[in-house]
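Below is one structure; the comments refer to it alone.
The chains referred to below are lettered A, B, ... by the order of the sequence lines, with proteins before strands, and numbering in each begins at 1. Values reported hereafter were calculated over all heavy atoms of this structure, with side chains retained and with hydrogens, waters and symmetry mates removed.
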Amino acid sequence: MYDQKKVEEKWQQIWEANQLFQQSEGGDNHKNGGAVGDNIYLLFAFAYPSGNGLHVGHVESKTALDILARYYRMKGKNVFFPVGWDAFGLPAENYAIETGVHPSKTTVSAIDTFRRQIKRIGISYDWANEIATSHPEYYKWTQWLFLQMYSKGLAYQKDGKVNWCPSCQTVLANEQVVEGLCERCDTQIEQKDMRQWYYQITKYQDELISGLDEVNWPNATKAQQLNWIGKKTGINITYKVEGVNKPGGADEITCFTTRPDTNFGATFIVIAPEHELATKIASGEIRSKVFDYLDKASKKTELDRQQEGKKKSGVFTGLYAINDLTAKKMPIWISDFVLGGFGTGAVVGVPGHDVRDFEFADYINKLDKTGDQRIEVIRVVVGQDGDESEITKVAQVQEEQGLMINSDFLNGMSIHDATKKIMDYMEEKGWGKRVTSYRLRDWLISRQRYWGTPIPVVYDPEGNPHPVEQSYLPWKLPTDVDFKPTGESPLKSSQEFAERTRKYAVEVYADLITKKGWDVSGEGWRPEFDTMDTFVDSSWYFLRYTDSRNPDVFAKTEQIEKWLPVDLYMIGPEHIVLHLLYSRFFTKFLRDEGYFNFSEPFVKMRHQGMILGPDNKKMSKSKGNVISPDEIIEKFGADTLRVYEMFMGPLESDKPWDTRAVVGIYKFLQKVHRLVAELESEDVLGEAKVELQRKLHQTIKKVSDDIPKLKFNTAIAFMMEFVNLWQNVMIKENKTLSIKDKIAFIGVLAPFAPFLADELFEIISKKMSSETIYSGIHQTSWPAFSQELAKDDLINIPIQINGKVRAQLEVESDKVGDEKAIFNMIEGIESIKKYIDGHEIKKKIYIKGKIISLVV
RNA sequence: GCCGCGGUGGCGGAAUUGGUAGACGCGCGAGACUUAAAAUCUCGUGAUAGUAAUGUCAUGUGGGUUCGAUUCCCACCCGCGGCACCA
């Protein structure tokens, strides 16, 4: 029995005292001396330091990267393994609202807790380059980045609809709105028009797609990013508008469609309530109806829309557009099933071949008593069912595939061929133009919140924005702020902030003030009260790490290019879309600004799965199924916790916690300690020892192969097999490994159970010499394996007859290549005679070293 | 509805350029040591028939390709995640 708690605390102190993994600023590693070009950057997703401290999910992903870091260091690489905190954000602010404790205080204490816990589980982070986004020396550069974006026109202001929580009295990000409700208080979210700051991520939309080809990421992640960007090719068709009341300028309307092939069946047009023509084109009696509808539509919440389901509604504008293909008049309707933000905000209705169009037409036709507004349903495609009859039911609406009919020169073509042909035709006629449409929108970065990076902008007395001069950065977050939510940005309550702005204006804009005749004390100037979305902070932290204390630049090119792109990024699946997209956008922007030469920041990226509660459900306080890492460490030690989490299953998949199974790992580590430290025996040469040595070399090989593939569970399983054999040989034959081989095994174990490994290494070292200077296992080289020693003498080859295994053939490993000899050997095997005697062997197959297959 | 991921013993999981399905761990059963317990160790453990040798069945379901399929193809079923009135 070894006291893992005592042992682990001892080694934690020794590592700390020796600054074992600490690197100098900028991540120079003097400890391992790897060659240039052997630089490896391992990145753990920026964590928010929550007051709850570390949970078992953190332990999993941090341990996985730590194993890689320790492994590569032992392989002689320069490893950069930094740590930092995504310290701005809503939770700290909300906590402050509840308790009155300033966010800067709670953040500092939360970080302290995390730091202590992380050190306790032995993560070999480089603490010399630790950063926090709430530190002025960090957000100075977040603000600088804003200025760069601004100067290139990529940061801009625009009016737009935002999510508003009437209970929290604040704007929320899209991701904080869950099914139309505020994620914190379950209040219905309203839409509000506000002037906000945006980053123009859409400038890079095509590159954000094509760049995915360069990176080694899970397919699922790439698919989700593509989904989010939502690139679609189609055509904008422009129709002439024939008005009952001809409005000024509204004599054309442009609709986006991906299915122009069905345009011979187009019988109406629908525009979104937000469409600019919606308010312009109607007049008279119709006008009031339109306004009534627009008013109702604008009041609808997300929830209303959801509850309505797909029920259609709409109002007629009194206008008609002309379908050039058929010369038919198409009534123009307004309906909220058409979205203002997608395509052109106008849709051409083909009720025969689009379910939504059909539902809308059906709704209108049932409502229409006079027949004046009847919408015609025309079939232009015949699907696989061969149905050519009139379309009267939703079930008949054919969308996916088929052949064209009732479509003049398209008749008989497949819909795909017809799509190309009609596009060419329309472009030729000048009726339409091929376009690409995207789902991705520009990134709204303003937040009416306190605990974030202030947007470095001031407004002059006329309300014009002026970016804060670079020399005035960091444009500090004021501290004299009342952060109770009032519906206004908390920074408005700061006296200091207002005064600072006036003083700044007087200093910087003296000429302008004089010229305009404004108040010379700076009266009338005000700062931007909004702060930035925390995703802005976390979109470039991986660059700052490389030069974390540089006061003159966000990071030197030399330092960035030394370490980036990141060799492995470990990140939770919850940030697949936004954070990764934003980081890639920043990277491409800074590349264009000439700061470095690569385009993708994360060459390889993997997700850790979720660790579920013992009940197979997501851990949560309310379910009472949360496992605390502290308890496990107290009972079994950090090594056990590490190895258990790595052994649970594949890193990427979700896995339930099994408290009973933890014991298995604990016993395994105790067994290793016993074999090395407690049991005495002689090193005797003999048969068993050869077998054990072979297994050792196979273990080194297996673990060396598995670590870079992140297959830690199978690596551990093989180490267990080795230890079981070792124990067996020890008990039955009183034989053990040589000192050298013991050290080799400890080396293999070291990345997984670093405390125990160093302890065992010390025990062995002390037996050999009385040296007192620390020189631990983590400073040694990764054990080498010998291909020769790892090779099995005998190989078992199964023999199949008609596809079933009937016997085994044991062959000396150097004879597996001799097919003729193998087949000769088979004939002598008693157990397969009964299957082949009296039969003609029709086929003989031998796959070298793997299988013999006979067909009789 | 669309996109993606997955389905293997009582449980977590191993095994894929197609080659002995169930490594390793948990749990369970039997035994050794012990006055006893704990700890430790040994053996067994997919189902089914049989005293046994051995046979049959078995990787969500149904087909197919192959000497051979958890792995490849086709059609379905179920679970999870994301998006969704996106034209």
Contact under 4.0 Å: [X] side-chain N or O vs [N] OP1/OP2:
X	N	result
R806(A)	U54(B)	no
N724(A)	G25(B)	yes
N713(A)	A14(B)	yes
R660(A)	G12(B)	no
Q727(A)	C41(B)	yes
N728(A)	U42(B)	yes
R439(A)	A84(B)	yes
K232(A)	C2(B)	no
K655(A)	G12(B)	no
K312(A)	C85(B)	no
K711(A)	C24(B)	no

**Q.** Spacing of K667(A) atom NZ relative to A39(B) atom P, expressed in whole Å
**A.** 7 Å
What does [N] pair with, Watson-Crick or G-U, if both distances are under 3.5 Å?
N	value
A69(B)	none
G22(B)	none
C5(B)	G79(B)
A47(B)	U56(B)
C85(B)	none
G31(B)	C41(B)

Once you apply a heavy-atom cut-off of 4.0 Å, does [X] come out as touching a base, just sugar-phosphate, or nothing?
X	answer
A717(A)	base
V855(A)	sugar-phosphate
P573(A)	nothing
S853(A)	base
D654(A)	sugar-phosphate
Q670(A)	nothing
Q800(A)	base
K842(A)	nothing
G803(A)	sugar-phosphate

Q | Donor-acceptor pair between T714(A) and D706(A) side chains, under 3.5 angstrom | A | yes
Q. Between Y666(A) and Q670(A), is any side-chain donor less than 3.5 angstrom from a side-chain acceptor?
A. yes
Nearest-angstrom distance, [atom1] atom, [N] to [M]:
N	M	atom1	result
U34(B)	A23(B)	C1'	34 Å
G29(B)	U66(B)	P	49 Å
C85(B)	C80(B)	C1'	25 Å
A58(B)	G9(B)	C1'	10 Å
C73(B)	G6(B)	P	13 Å
C24(B)	G79(B)	C1'	27 Å

Q: Return the orientation label for the W443(A) and Y582(A) ring planes: parallel under 30°, perpendicular over 60°, tilted otherwise.
A: parallel
Q: Kindly check if the number of other-residue, nucleotide or ligand heavy atoms within 6.0 Å of NZ (K635(A)) is above 12?
A: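 Incorrect, the count does not exceed 12.
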Q. Just wondering, are more than 12 heavy atoms of other shown residues or ligands nearer than 6.0 Å to CD in Q808(A)?
A. yes
Q.
I'd like to know if the side chain of D792(A) and the backbone of L794(A) have a donor-acceptor N/O pair within less than 3.5 Å.
A. no
Q: Report the residue from D261(A), N263(A), T258(A) that forms a side chain to side chain donor-acceptor pair (under 3.5 Å) with T419(A).
A: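 One option only clears the test, and that one is D261(A).
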(Q) Apply the syn/anti split at 90° from 0 to G81(B) and say which one it is. (A) anti
Q. Do the ring centers of F636(A) and Y644(A) come within less than 6.0 Å of each other?
A.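 That pair fails the under 6.0 Å test.
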Q: Counting heavy atoms from C-beta on, name the nucleotide in A87(B), G4(B), U20(B) closest to the side chain of A220(A).
A: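 Of the options given, the side chain of A220(A) lies nearest G4(B).
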